[in-house]
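Take a look at the structure below.
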Amino acid sequence: MNAQVPNASVKSVRWVDRAAIVYATGDIDLEHSTQFQQALLKLLDENPSYIVVNLKEVPYMDSSGVASLVKLLSRVRKSGAALRLVELNERVRSLFEITRLDSVFEIFGTEQEAIS
């Protein structure tokens, strides 16, 4: 499990057993969403049980960033794994609430909650 895929939007990836914890950083917008999506999809090659995306350091996300996560969610479900989002700030969380995607994604307050 060595899929180290940092790029402009992914600061690092940490593995806890079969869970890949992805630390996203910066704005995930039209300029960065493609790289973000590619980095996340690359993790599926490692067959994780969970992909946990920590959004603590993401101050802003637009619809292209959300679309990247929706595509990942679809692929993750097909692989039999789970996708969980953690530590969303109020601005990012409201985007998921407005689009009603907060009922589609598993959203947790902490990494520990997401992997237990």
Side-chain angles (χ1 to χ4, degrees):
M1 289 184 268
N2 296 322
Q4 216 37 22
V5 290
N7 65 32
S9 299
V10 175
K11 185 162 87 173
S12 63
V13 177
R14 179 172 69 95
W15 287 88
V16 177
D17 296 321
R18 300 283 311 145
I21 303 173
V22 179
Y23 296 92
T25 188
D27 292 345
I28 301 177
D29 53 16
L30 189 57
E31 182 180 345
H32 300 104
S33 62
T34 301
Q35 279 187 313
F36 178 65
Q37 178 179 306
Q38 289 171 348
L40 294 173
L41 291 173
K42 186 172 178 66
L43 284 172
L44 290 175
D45 295 341
E46 301 292 326
N47 298 314
S49 297
Y50 300 99
I51 295 179
V52 177
V53 182
N54 186 315
L55 296 169
K56 181 178 183 176
E57 294 183 26
V58 176
Y60 173 78
M61 182 181 289
D62 69 8
S63 60
S64 66
V66 172
S68 295
L69 289 172
V70 168
K71 182 171 186 173
L72 177 66
L73 179 63
S74 173
R75 294 271 184 88
V76 166
R77 285 181 173 168
K78 286 178 186 172
S79 75
L83 174 64
R84 297 179 173 168
L85 307 179
V86 298
E87 296 194 48
L88 285 69
N89 69 36
E90 191 58 41
R91 187 175 188 184
V92 173
R93 179 178 286 279
S94 69
L95 177 61
F96 282 85
E97 290 170 354
I98 290 167
T99 58
R100 296 197 174 135
L101 288 171
D102 59 330
S103 63
V104 175
F105 284 91
E106 293 183 80
I107 300 174
F108 295 85
T110 67
E111 289 175 15
Q112 190 59 43
E113 291 170 351
I115 61 175
S116 60

*asked:* Test of understanding: clusters of I, L, V, M, F, W, Y form through side-chain heavy atoms closer than 4.5 Å, transitively. Do Val76 and Val104 belong to the same one?
replied: yes
*Spacing of His32 atom NE2 and Thr25 atom OG1 [to the nearest 0.5 Å]*: 10.0 Å
*Checking Ser68 side chain against Ser33 main chain: does a donor-acceptor pair fall under 3.5 Å?*
yes
_salt bridge (charged side-chain N to carboxylate O under 4.0 Å, His left out): pairs with one or both residues in residues 27-39, sequence neighbours excluded_ = none
*CD-CG distance between Gln38 and Leu72, expressed to the nearest 0.5 angstrom*: 12.5 Å
_Thr110 OG1 to Glu87 CD distance, which is reported to the nearest 0.5 Å_ = 7.0 Å
_For residues 103-116, which residue pairs pass the salt bridge (charged side-chain N to carboxylate O under 4.0 Å, His left out) check, not counting sequence neighbours?_
Arg14-Glu111, Arg84-Glu106
*Got a sec, which hydrophobics cluster with Val86, joining ILVMFWY side chains under 4.5 Å apart, including via others?*
Val16, Ile21, Tyr23, Tyr50, Val52, Phe108, Ile115
*Distance from Leu40 atom CG to Leu83 atom CG, nearest 0.5 Å?*
8.0 Å
*Arg91 and Leu95: side chain to side chain contact (heavy atoms under 4.5 Å, CB included), yes or no, with the steps?*
CA-CA 7 Å; Arg91 187 175 188 184; Leu95 177 61; over 6 Å; no
*What's the verdict on side chain to side chain contact (heavy atoms under 4.5 Å, CB included) for Phe36 and Val58, showing C-alpha distance, side-chain angles and the deciding distance?*
CA-CA 12 Å; Phe36 178 65; Val58 176; over 6 Å; no
_By the definition side chain to side chain contact (heavy atoms under 4.5 Å, CB included), identify the one residue from Asp102, Ile107, Leu55 that meets it with Arg93._
Ile107
*Do you know the tightest heavy-atom contact between Ala81 and Pro48?*
CB-O, 3.2 Å
*Apply the test side chain to side chain contact (heavy atoms under 4.5 Å, CB included) to residues Met61 and Leu88: give CA-CA distance (whole Å), side-chain angles for both, the deciding distance (0.1 Å), then the verdict.*
CA-CA 10 Å; Met61 182 181 289; Leu88 285 69; over 6 Å; no
*Can you tell me how far the OG atom of Ser103 sits from the CG atom of Leu101, to the nearest 0.5 Å?*
7.0 Å
*Checking side chain to side chain contact (heavy atoms under 4.5 Å, CB included) for the pair Leu44/Leu41: CA distance, chi angles, key distance, verdict?*
CA-CA 6 Å; Leu44 290 175; Leu41 291 173; 4.2 Å; yes
